[in-house]
Number of protein chains: 2
Amino acid sequence: MATIDDVAKLAGVSKGTVSNVFSKKRPIGPEATKRVFEAARQLGYYPNHIARSLAIRKTMIAGLRMPIPKDGMMSQFEIQMINGVLNECAKHGFRVLLDTLPEHDDPNQFTVDPVDGVIMLNPRREDLRIEMYRQIGMPLVLVGRPDPMDPGVSYVDNDNAELACEVGRYLLSFGHESILFLNASSDMTVAFDRERGLAAALAEQGMPLPPEQVMNYSRELHRSPTEYGYRAVLETMKSRSYTAVVADTDRVALGVLRAARELGLNVPDDLSVIALSNDARLAQEMTPPLTCVELSAEMLGAQAAQILMEKMENANVVRQHTVRAKLVFRESCKKRPR
Amino acid sequence: MATIDDVAKLAGVSKGTVSNVFSKKRPIGPEATKRVFEAARQLGYYPNHIARSLAIRKTMIAGLRMPIPKDGMMSQFEIQMINGVLNECAKHGFRVLLDTLPEHDDPNQFTVDPVDGVIMLNPRREDLRIEMYRQIGMPLVLVGRPDPMDPGVSYVDNDNAELACEVGRYLLSFGHESILFLNASSDMTVAFDRERGLAAALAEQGMPLPPEQVMNYSRELHRSPTEYGYRAVLETMKSRSYTAVVADTDRVALGVLRAARELGLNVPDDLSVIALSNDARLAQEMTPPLTCVELSAEMLGAQAAQILMEKMENANVVRQHTVRAKLVFRESCKKRPR
DNA sequence: CTGAAAGCGCTTACAG
DNA sequence: CTGAAAGCGCTTACAG
């Protein structure tokens, strides 16, 4: 592989000159420029990004640390997150180093990556890496709040409890009182937060959220989220009749809609359906179009990237954003029938 | 930021020793090892990946060049491709540098990236970059075939014409003769290939594929692929009655199913529906479950990555794989009603 | 087991 | 406008 030295020699100039021809950092005479380009062409020379990075201590690369589930399937959330990060970074001329390797927080394994800053997904409790990044002065933004909280670290996150509460209030305002909640898998913190939020909304009206109104997704029991929604409704509607269903995701809601159809229930006339997040961007294409919460994973990613860009300019900035997901009203909810 | 020199000084050893303590490339005495780790801890020293890469000429990073549509929305195809690449790379301990920046093929802009090899999506005609990578000896694998063909470059691709032909044969074997083809946007080469393939299947039975049986998606005319499928069926079924619909994607098929429902047509009894690719992994969750082609973008990505790993071992290997997408039979197609 | 020194391929004051 | 040289932070024969 041709190096800057080879080019300098062939063109009869110094390597400094070659360097500046390519980087345009200082003006080089037209004669020399021509000879350099010609020599480079002949030799098949292209500047080496690594050597350059080492010299100028800048890579124009952002790191994204995000372990991938062992089954290799990224959720729609992760995908949209990546998308947001990618787009925002591209705007600023940055590329992205995707690090999906299992995490080591053995300090003796840690290395200073070829990036100018990093975005880290789902930090663990007492995550040692946060401190390591601080030590080496690497700009860092978390997606998901640090635990314990730390006023010095930047992050973006959304407020799942608040969100579920809002959804609850919305349904209550329509007069729904018997609400079936098809929650996420019980081992996810988000499931906990959402149940808490929905319960809070009910509590505001002096109503409880009895356990039998809450179901949880389970990988073992359900073939897919859609299947989960379908079965859950079919089974519970036998013994009780709800007027509203809060589904974990739009895919779960897809199953709910199917079950409703089979039971001869019209949505939204007989049954209101609402989803707490969108897995598959299909909400607006369902029949009827689904009222749901836009989790804006994409926004989360974009904001994280934007904050990172700021931090790279000025190491002192600290941003802690709670991204408010928004409720998108479509046609699957209606006033309670009487 | 602490460097290897600082550590060496504080620990009272040479930098070579420090280097070897971290890399374990040669054994270092327990005394020295302890002093080095202690000094490193005190100083907050972590090895610099860039400097290391420069010295050993290896990064353990694979490059993925893949321009993103200006609207920032990656298709499911691209997403799954990335997923495949990521997983396969992770298996081999590689990380991935995602380069979504607009492409420059100005040779004077080209740079040797901090990667050990690259996967390049959708090469252009006469793509200059292929030659540049060859010149610097960078292992390269394309996703999508090079044009013009080049026996020296490795790639993976799938055979869209063949696929569409197979789908055509399948429907014909069920006795369907009036087939509506809801094709992709006409400016995509894949749309061209698919139409050719379907026409070939019909030609085998001495039948034509008249233009009025083929429609094309259009960003301007249709709000979404689902909307496209919905409207197309509603409108064409007025004047003609088809017994089968070939949809571009599962999302288009979703609209077709809805339209059929509204028209009182039972799928598959009255109308067979089949999709040529899956955008949204929802085929199996539709009612009825959709027969469709699994494009295996994920496999495409995984295979590209695997070939890249091979090439990094041995620069001489050349692999040219046509990944055969597979038809997945579910319940949306049936023998033609008579 | 350890050290001194050259080298990886570039950039950038400094001097002219 | 251009060159010579030190420096970015690591690795690795070579010598002991």
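Below, read A as the first sequence line, B as the second, and so on, with proteins coming before strands; counting in each chain starts at 1.
- The residues A/Lys91 and A/Glu88 are annotated as salt-bridged, a charged nitrogen and a carboxylate oxygen being separated by less than 4.0 angstrom.
- In this structure, CE of A/Met1 is placed 8 Å from C1' of C/dG9, rounded to the nearest angstrom.
- Nucleic acid contact class of A/Gly29 (heavy atoms, under 4.0 Å, all strands): sugar-phosphate only.
- If you measure from atom NZ of B/Lys25 to atom C1' of D/dA13, you get 13 Å, rounded to the nearest angstrom.
- Residue B/Val13 is classed as a sugar-phosphate contact, given heavy-atom separations below 4.0 Å to backbone atoms only.
- The base of C/dG7 lies outside donor-acceptor range of the side chain of B/Arg52, with no N or O pair under 3.5 Å.
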Given Watson-Crick and G-U pairs under 3.5 Å, DNA chain D in dot-bracket ([ ] crossing, | other strand) is |||.||||||||.|||
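- Mapping B/Gly12 and A/Leu54 onto DNA chain C by nearest heavy atom places B/Gly12 at the nucleotide closer to the 5' end.
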Could you go through B/Arg134 and B/Glu131, starting from their C-alpha distance and side-chain angles, then the distance that decides it, and tell me whether this counts as salt bridge (charged side-chain N to carboxylate O under 4.0 Å, His left out)? CA-CA 5 Å; B/Arg134 205 193 51 69; B/Glu131 173 59 13; 2.7 Å; yes
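- Residue contacts shown for A/Ile56 are limited to sugar-phosphate atoms, with no base heavy atom under 4.0 Å away.
- The phosphate of C/dG3 (OP1 or OP2) has no side-chain N or O of B/Lys15 nearer than 4.0 angstrom.
- Proximity of the aromatic rings of A/Tyr133 and A/Phe110 is defined here by a centroid distance below 6.0 angstrom, and this criterion is met.
- Under 3.5 Å, the side chains of B/Thr322 and B/Asp157 contain no donor-acceptor pair of N or O atoms.
- Remark: A/Ser14 is in phosphate contact with D/dG3, judged by side-chain N or O atoms under 4.0 Å from OP1 or OP2.
- For the pair A/Thr17 and D/dG3, the criterion of a side-chain N or O lying under 4.0 Å from OP1 or OP2 is met.
- Between B/Ile4 atom CD1 and D/dT12 atom C1' the separation is 12 Å, expressed in whole Å.
- Side-chain nitrogen and oxygen atoms of B/Ser19 include at least one within less than 4.0 Å of the OP1 or OP2 phosphate oxygen of D/dT11.
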Stepwise, does the salt bridge (charged side-chain N to carboxylate O under 4.0 Å, His left out) test hold for A/Glu38 with A/Arg35? CA-CA 5 Å; A/Glu38 174 55 18; A/Arg35 289 216 306 285; over 6 Å; no
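- For the residue pair B/Ser23 and B/Arg52, the shortest heavy atom distance occurs at CB-NH2, 4.2 Å.
- Atom pair A/His49:NE2 and C/dG9:C1' shows a separation of 13 Å (rounding to whole Å applied).
- Applying the 4.0 Å criterion to OP1 and OP2 of C/dG9, one finds that B/Arg57 has a side-chain N or O inside that range.
- B/Lys58 places its NZ atom 16 Å from the P atom of C/dG9, with the value rounded to the nearest Å.
- In this structure, A/Glu31 atom CD and D/dT2 atom P are separated by 9 Å, rounded to whole Å.
- Using a 4.0 Å heavy-atom cutoff across all strands shown, B/Phe22 reaches no nucleic acid atom at all.
- Looking at which nucleotide of DNA chain D each of B/Tyr45 and B/Arg26 is closest to, the 5′-most match is held by B/Tyr45.
- Aromatic ring centroids of B/Phe37 and B/Tyr45 lie 6.0 Å or more apart.
- Side-chain nitrogen and oxygen atoms of B/Tyr46 include none within less than 4.0 Å of the OP1 or OP2 phosphate oxygen of D/dG9.
- Counting any heavy atom pair closer than 4.0 Å across all strands shown, A/Asp5 reaches no nucleic acid atom.
- Donor-acceptor pairing under 3.5 Å is lacking for the side chains of B/Glu310 and B/Gln306.
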